[in-house]
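Each residue takes its place number in the sequence, starting with 1. Please read these numbers as outputs of a predicted model, since none were measured by experiment.
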Amino acid sequence: MTDTLIGAAVSVLETGNARDKAARARAVAANWRAGSLPRGRSQLVPDRPARPARPELKRPRDVPRRRITEAPGGRTALLHALCHIELNAIDLAFDIVARFGGIDAPDVFPTGFLDDWIMVGDDEARHFLMLDDRMAELDAGYGDLPAHDGLWMASMDTAFDPLARLAIVPMVLEARGLDVTPAMIDKLRSVGDDRSADTLQIIHDDEITHVAAGKRWFDHLCSKRNLDPLPTWQDLVTRHFKGGLKPPFNVVSRDKADFPECYYAPLAESLNA
């Protein structure tokens, strides 16, 4: 681990083993909270984070889909897919710190920006470990099944600008997690897997704070640039997110994140027309 936060964030990105990456992320977060890491200057950030040799990465349409109710592998497939999302989310959180958080960055954010995204990275690491531990209880582990690289590829379209990154990663991709996770929780409970369901409930509740952080810093940067947040977000999503916004939306959880329906509902209607 290096002696600045920016360098330590890069070291997380450069850690290939999945559990080691999660452990390093948690250690960096603890050191930052303890005040033992100064912010540091910008560094060269890798275009792609280091990853383990497994899982095999395929195109999204080539990854088999399985229902939770399919025994015995349905739950394992779901947990594996979520593990992969959380591993990507660790890298995305530390990438935003390393890429945009230096004291000499073009848009210099206050310390609270770093506090929030280190918190997010710590949460994502904890989520990964929780899910991987649960998979171990089911005689499986991360890397056992193929996965896709779509999440990281989507994020790289916004590597040039923190405003675009905030618009897409927390306010589209993580917000989508708020929409789909409650149904997963219900299905897991329906097959008697309360332990996995409880884990997903923790993740869902934490993700509300992540979407809120994205919205807060998006608004902050819009204010600095004299931009109106609502049309700016809609324009950035139209230009940089190819997947479309898919209802139904979890309006209750999105409202808790201070992300009102007037942002996404009209855009989803226009994109899906």
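- For R126, the salt bridge (Lys or Arg N to Asp or Glu O under 4.0 Å) partners are D123, D206, not counting sequence neighbours.
- Among pairs with a residue in residues 4-14, none fulfils salt bridge (Lys or Arg N to Asp or Glu O under 4.0 Å), at least two apart in sequence or across chains.
- Under the salt bridge (Lys or Arg N to Asp or Glu O under 4.0 Å) criterion, D115 pairs with no residue at all, not counting sequence neighbours.
- Partners of T4 according to the side chain to side chain donor-acceptor pair (under 3.5 Å) rule, which considers only residues two or more places apart in sequence or in another chain, do not exist here.
- In this structure, W117 has its ring center at least 6.0 angstrom away from the ring center of F109.
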After noting the C-alpha distance and the side-chain angles of H80 and Y142, does the key distance pass the side-chain hydrogen bond (donor to acceptor under 3.5 Å, both in side chains) rule? CA-CA 6 Å; H80 190 277; Y142 180 65; over 6 Å; no
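- M130 forms part of a hydrophobic cluster together with I202, judged by ILVMFWY side-chain heavy-atom separations under 4.5 Å.
- No side-chain N or O of R134 forms a donor-acceptor pair with one of T199 less than 3.5 Å apart.
- Residues meeting the side chain to side chain donor-acceptor pair (under 3.5 Å) test with N17, sequence neighbours left out: none.
- Residues meeting the ring-ring contact (aromatic ring centres under 6.0 Å, His included) test with H127, sequence neighbours left out: none.
- In terms of the ring-ring contact (aromatic ring centres under 6.0 Å, His included) criterion, residue partners of F249 (sequence neighbours excluded) are, by chain and number, Y264.
- By the salt bridge (Lys or Arg N to Asp or Glu O under 4.0 Å) test, D186 is found to be paired with no residue, residues two or more places apart in sequence or in another chain being considered.
- With sequence neighbours left out, D161 forms a salt bridge (Lys or Arg N to Asp or Glu O under 4.0 Å) with R225.
- For the salt bridge (Lys or Arg N to Asp or Glu O under 4.0 Å) condition, the pairs that include at least one residue of residues 35-51, sequence neighbours left out, are R41-D104, R48-D149, R51-D91.
- The ring-ring contact (aromatic ring centres under 6.0 Å, His included) test applied to H204 returns no partner, not counting sequence neighbours.
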